[in-house]
A.B. asks: 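Sharing a structure here in structure tokens format.
Note that the structure is a prediction, hence the values are computed from the model and not measured.
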Amino acid sequence: MPGDESPPPAPLARAEQFIWLTARVLEQRRFAFHFLGGDADAVDAALGAYLGDDGGYGHALDPDLRGPLSQPLHTAHALRVLDSLGRCAGQRIERLCRHLTGLSTPEGALPLVRPDPRDHPVAPYHPVRDDPPGELLTTGPVVGVLHRNRIWHAWLFRATDFCWERVETLRHSHPYEVQSAVAFLDGAPDRARAAAAADRLGRLVRERHLVVLDPGRREEYPPAPGYAPGELLFPYDYARRPESLARSWFTDEEMRRSLDFLTAEQQPDGGWPVRRRAWAPGSSLERRPIATLEALLTLRAYGRPVGAAGPPAVSPPAPGRPR
């Protein structure tokens with residue numbers, strides 16, 4: 001009838017159109033698995049395209065590192081995907097741990113970026129060094145996921161000691177390193193020690209203003225050194241799920257405000273923005289669907305309604321059938 005207006009599409013329906021229009025096959029299949037009842041095998045098959053002969057992952061699985069070389073950041077990304085599927089186990093993980101052993105620094109940790117003999121493009125905020133040190137930024141998320149899945153391998157012993165030492169002695173840090181510390185602590189088997197370390201880390205985050213507690217006053221929170229303008233982290237960035245140890249860092253009101261802000265950040269095209277510095281067109285395009293999936297999963301984890309998905313704009317042909 002004249003004057004009637006259809007309700008706006010639900011966030012999930014808008015996001016689905018964005019995913020089909022812009023995402024890599026991996027993110028399309030992850031979206032289908034998490035929100036459309038899709039099969040885990042399809043996600044696994046898409047992830048397998050990034051697996052190298054050395055047991056590691058490459059081929060720009062993390063969009064900031066281009067080229068085929070297996071890199072620790074790609075490994076962390078792959079493990080998060082496998083963890084979400086409940087498939088972080090078996091010979092694949094055994095081989096991956098052997099690969100990590102070969103990548104490790106003398107202290108048993110993972111470097112941020114391996115030197116690439118062919119100099120494939122790398123984001124400028126990930127410096128490439130000939131003899132890179134071990135980093136919590138890469139080691140923490142890998143060790144945390146492996147522990148959460150009760151993986152035991154000789155490589156994990158020294159890597160775990162490295163993470164504990166770094167987390168428990170942090171005095172100065174930056175938001176992404178804190179995220180990696182949380183990823184380690186959320187999976188660490190010594191839960192009492194993890195809770196104590198998380199409590200101290202949460203106080204550091206608040207004292208150093210490494211989190212925006214009121215999105216309406218973002219201008220009062222300067223980005224960390226080296227970060228892009230507007231590259232700020234919010235409570236939901238640290239506590240992606242309510243069971244995370246980082247959730248206790250924030251009051252219910254602070255968490256509510258940040259989730260309201262996350263909901264409102266969905267763009268007109270259905271995707272969520274990426275705040276980090278844009279350095280290459282392909283990297284920026286590939287990262288937005290990843291950010292969109294993370295936003296939807298976080299909102300759902302906190303019980304925020306995201307609605308139902310809609311019919312795809314174009315129905316893809318069934319696998320194996322001629323068009």
Side-chain angles (χ1 to χ4, degrees), residues 11 15 64 112 123-127 135-137 140-141 166-186 195-279 283-284 287-288 290-304 306:
D64 281 344
L112 180 61
Y125 40 80
H126 291 324
E135 298 277 0
L136 181 61
L137 192 70
R166 286 295 176 92
V167 170
E168 293 179 331
T169 59
L170 275 179
R171 297 293 180 271
H172 303 279
S173 189
H174 60 92
Y176 294 137
E177 186 177 48
V178 173
Q179 278 188 315
S180 296
V182 171
F184 165 68
L185 294 173
D186 279 346
D199 183 66
R200 190 189 71 81
L201 190 60
R203 291 196 299 271
L204 175 71
V205 166
R206 297 181 73 97
E207 290 167 3
R208 301 284 181 178
H209 302 288
L210 301 181
V211 59
V212 177
L213 297 174
D214 185 351
R217 302 167 66 179
R218 297 191 297 284
E219 69 281 355
E220 299 179 11
Y221 297 86
Y227 283 38
E231 192 173 359
L232 304 168
L233 269 68
F234 300 81
Y236 60 77
D237 287 306
Y238 295 107
R240 280 287 176 183
R241 300 184 64 85
E243 60 268 25
S244 171
L245 288 171
R247 174 62 184 88
S248 65
W249 300 353
F250 311 111
T251 67
D252 290 346
E253 178 60 20
E254 288 166 348
M255 201 72 215
R256 182 195 65 76
R257 284 198 301 254
S258 79
L259 292 170
D260 287 347
F261 175 74
L262 179 61
T263 301
E265 277 282 271
Q266 189 175 24
Q267 303 296 289
D269 63 5
W272 267 260
V274 174
R275 301 188 192 94
R276 68 181 64 192
R277 183 178 296 112
W279 68 278
S283 177
S284 299
R287 191 164 289 283
R288 278 197 71 205
I290 297 172
T292 297
L293 275 168
E294 290 176 348
L296 290 169
L297 289 169
T298 296
L299 291 170
R300 187 172 69 177
Y302 280 95
R304 291 297 184 102
V306 294

A.B. asks: Does Arg276 count as lying over the ring of Tyr176, i.e. NZ or CZ under 6.0 Å from the six-ring centre, within 45 degrees of the axis?
C.D. replies: yes
A.B. asks: Decide yes or no for Val306 and Gln266: does some side-chain heavy atom of the first lie under 4.5 Å from some side-chain heavy atom of the second?
C.D. replies: no
A.B. asks: If the threshold is 4.0 Å, N to carboxylate O, is there a salt bridge linking Glu243 and Arg247?
C.D. replies: no
A.B. asks: Say you draw a straight line from CZ of Arg304 to OG1 of Thr263; how long is it, rounded to the nearest 0.5 Å?
C.D. replies: 5.0 Å
A.B. asks: Measure the CD-CZ distance between Glu265 and Arg275 for me, rounded to the nearest 0.5 Å.
C.D. replies: 5.5 Å
A.B. asks: As an exercise, state the distance from CD of Glu294 to OG1 of Thr298, rounded to the nearest 0.5 Å.
C.D. replies: 7.0 Å
A.B. asks: Between atom CG of Leu185 and atom OG of Ser244, what is the distance when rounded to the nearest 0.5 Å?
C.D. replies: 9.0 Å
A.B. asks: Does any part of the side chain of Tyr221, heavy atoms only, come nearer than 4.5 Å to the side chain of Leu213, both counted from C-beta?
C.D. replies: yes
A.B. asks: Could you work out, with salt bridge (Lys or Arg N to Asp or Glu O under 4.0 Å) as the rule, every residue matching Asp199, not counting sequence neighbours?
C.D. replies: Arg203
A.B. asks: Are a donor atom and an acceptor atom from the side chains of Tyr125 and Asp64 found within less than 3.5 Å of each other?
C.D. replies: yes
A.B. asks: Less than 4.5 Å apart, any side-chain heavy atom of Asp214 and any of Arg257?
C.D. replies: yes
A.B. asks: So, using side chain to side chain contact (heavy atoms under 4.5 Å, CB included) as the criterion, who are the partners of Ala295 when residues are at least two apart?
C.D. replies: Leu262, Trp272
A.B. asks: Partners of Trp249 by ring-ring contact (aromatic ring centres under 6.0 Å, His included), sequence neighbours excluded?
C.D. replies: Tyr238
A.B. asks: When rounded to the nearest 0.5 angstrom, what distance separates CG in Leu245 from CG in Leu201?
C.D. replies: 10.0 Å
A.B. asks: Which distance, rounded to the nearest 0.5 Å, do you find between the CG of Asp186 and the CZ of Arg240?
C.D. replies: 12.5 Å
